[in-house]
Number of protein chains: 2
Amino acid sequence: MTSAGTPAHGTRHGRTGRPRSAEADRAILDATRDALVELGWSKLTLGDVAARAGVAKTTLYRRWAGKNELVVDAVAALFDEHLELPDRGGLQADVEGVVRQFAALLERPETKTALMAVVAESTRDPALRERIRTAIVDRQKALVLLGRERAQARGELPVETDPAAAARTADLIFDVIAGAVVHRTLVSAEPVDGAWARSFAALLVGGLTAGA
Amino acid sequence: MTSAGTPAHGTRHGRTGRPRSAEADRAILDATRDALVELGWSKLTLGDVAARAGVAKTTLYRRWAGKNELVVDAVAALFDEHLELPDRGGLQADVEGVVRQFAALLERPETKTALMAVVAESTRDPALRERIRTAIVDRQKALVLLGRERAQARGELPVETDPAAAARTADLIFDVIAGAVVHRTLVSAEPVDGAWARSFAALLVGGLTAGA
DNA sequence: GGCTTTCGCTACGAGCCGTAGCGTAACTGG
DNA sequence: CCAGTTACGCTACGGCTCGTAGCGAAAGCC
């Protein structure tokens, strides 16, 4: 819904006039991902994207405010397609699964070069940060919340009664999981293999169940 | 040593001729940090930095290959000045301390906008990644190694006999700590306050001591 | 058929990049 | 002290990207 074509604000079509080509949206986002793979974030230009998409540069500017917004949407589509949380039967296995899924996304050259770049930009652009949050971050966080519910249903995690405290804990877990995977992949530049995912999941689950 | 003025490779001065002005190095790096604060990463231009530093643009290009390298050095100097690990008497307190120190660095507008930007660039530039590693990452990792040694001396952590396994564990801890702080600060865009640092440290220490 | 909006196209000023070329300044070795 | 070497400030330049404007044509709604 949110990620796919939908341009900047709320898609203020008046209901009259020539409608925007949905195929152009698709072509532009595809071209953006291709350009990210070939050129990387810094050398990607909107003129090049337009040419790849077979679309006039002006068309691109009518839908997206700039490079940042375009790339967020292009990358968010990948998160939509590849993030899910099948029940693997236990908390540690669920953590391992989500870690490997997220890592697989980050190993892609498109996301590798783009994700941290737009996050860096978002530190000076609240609107962009909000766009990243709704298009990418909230989807990831939903997996954390789902995983916790399951773990609580299994009796692996205690149920926190105070909703504020529960929210803080969920945020903490989210930052630890996502942060560790991002740091491992982009800063340490080491692959997230099975052994690492297992060690990390064991560490996290151990920490979560130690206090209880 | 590494971070301060020293330009790109090994500073190939022949021993003759006019020496490079050390003051110019300082002025350029200061100007770079100022420009980062005022303009942010994306709007920072080398021409502007040169003007601020009172230096010709050509001088700047003689010492640094480009924006990426310059900013890495400018930011690395901050890490040199503000990262240390006083013995706080216990593992959890040590973790809390390093978390708050790193968070304080990341709250600065210079580092906030610059650090992830150069990391994003480094995904397509091995030389840049190496520069980041030696100038920033290795310094952080040294704190982790020191903290572990102390904890082992106190008997809070087991001594791993296999050196390869010990290295893997240290890397894991490092990615978890640094990653969580970065993610909290830049992606979630929430402050690392005392409560968060305490919760995180408790989670990590709990996980590290759970298996033993 | 008239109204509205999007489309592709071309063209443009503006800004930044990275380099070249020059004359001058600073330091070293003979 | 002088010749050699290197860094410096300054100016100028071609090349690229940006983001916008203006046009006629196309594609829908009433």
Side-chain angles (χ1 to χ4, degrees), chain A residues 5-29 31-32 35-36 38-71 117-118 121 124-125 127-128, chain B residues 5-29 31-32 35-36 38-71 117-118 121 124-125 127-128:
Chain A
T6 319
H9 319 89
T11 316
R12 271 278 157 276
H13 302 142
R15 41 176 32 93
T16 159
R18 176 175 176 174
R20 288 192 172 168
S21 159
E23 193 193 352
D25 269 351
R26 216 183 42 72
I28 290 171
L29 292 174
T32 303
L36 279 175
E38 287 180 30
L39 306 174
W41 162 265
S42 59
K43 293 184 181 169
L44 178 147
T45 71
L46 294 195
D48 186 60
V49 170
R52 286 169 190 259
V55 159
K57 197 170 55 161
T58 44
T59 297
L60 212 157
Y61 275 103
R62 283 191 198 99
R63 309 187 184 201
W64 285 277
K67 193 170 159 175
N68 294 334
E69 290 76 8
L70 173 61
V71 168
V118 293
E121 289 301 305
R124 301 209 126 226
D125 182 345
L128 180 61
Chain B
T6 319
H9 320 88
T11 316
R12 274 277 159 274
H13 303 142
R15 43 176 31 94
T16 160
R18 174 175 178 174
R20 289 191 171 169
S21 158
E23 195 194 352
D25 269 351
R26 217 183 40 72
I28 291 171
L29 291 174
T32 302
L36 279 174
E38 288 181 28
L39 306 174
W41 162 266
S42 59
K43 292 184 182 168
L44 177 146
T45 71
L46 295 196
D48 185 61
V49 169
R52 285 168 191 260
V55 160
K57 197 170 54 162
T58 43
T59 297
L60 212 154
Y61 276 103
R62 283 190 197 101
R63 309 190 181 197
W64 285 277
K67 193 170 160 175
N68 294 334
E69 290 77 7
L70 173 62
V71 169
V118 293
E121 289 302 304
R124 302 210 124 226
D125 182 344
L128 180 62

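Just so it is clear, the values below take in all heavy atoms, side chains as well, and ignore hydrogens, waters and symmetry mates. Here is the naming used below: chain letters follow the sequence lines, and residue numbers restart at 1 for every chain.
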key: Footprint string (nucleotides 20-30 of chain C, 5' to 3'): B base within contact, S backbone only, - free, heavy atoms under 4.0 Å   = B----BBBS--
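Not counting sequence neighbours, the partners of A:Ala117 by the side chain to side chain contact (heavy atoms under 4.5 Å, CB included) test are A:Trp41, B:Ala120. Under the rule for a side chain to side chain contact (heavy atoms under 4.5 Å, CB included), the partners of A:Ala127 that lie at least two apart in sequence or sit in another chain are A:Asp125. B:Glu38 meets the side-chain hydrogen bond (donor to acceptor under 3.5 Å, both in side chains) test with B:Arg52; sequence neighbours excluded. Partners of B:Thr45 under the side-chain hydrogen bond (donor to acceptor under 3.5 Å, both in side chains) rule, at least two apart in sequence or in another chain, do not exist in this structure.
Between the OH atom of A:Tyr61 and the P atom of C:dT5 there is a distance of 24 Å, rounded to whole Å. Between the P atom of C:dC17 and the CG atom of B:Leu60 lies a distance of 10 Å, rounded to the nearest Å. The nearest whole Å value for the distance from the CZ atom in A:Arg20 to the P atom in D:dC29 is 16 Å. For the pair A:Asn68 CG and D:dC18 C1', the computed distance is 14 Å after rounding to whole Å. Here C:dC17 presents its P atom at 16 Å from CH2 of B:Trp64, a figure rounded to the nearest Å. If you take CG of A:Leu39 and C1' of D:dT17, they are 13 Å apart, rounded to a whole angstrom. Distance, B:Glu69 CD to C:dG18 C1': 14 Å, rounded to whole Å.
Among all heavy-atom pairs drawn from B:Leu128 and B:Glu121, the shortest one is CD2-CB, 3.7 Å. Shortest non-hydrogen contact noted between A:Ala24 and A:Ser21 is N-OG, 2.9 Å.
Proximity of residues 40-54 of chain B to DNA chain D (heavy atom under 4.0 angstrom from any strand atom) is restricted to B:Gly54.
Here the NZ atom belonging to B:Lys57 is positioned 8.5 Å from the CG atom belonging to B:Leu46, to the nearest 0.5 angstrom.
Taking only distance into account, the side chain of B:Lys57 meets the base of C:dG18 through a donor-acceptor pair shorter than 3.5 Å.
Between B:Arg20 and B:Asp25 there is no side-chain heavy-atom pair separated by less than 4.5 Å. Between B:Trp64 and B:Ile28 the shortest side-chain heavy-atom distance falls below 4.5 Å.
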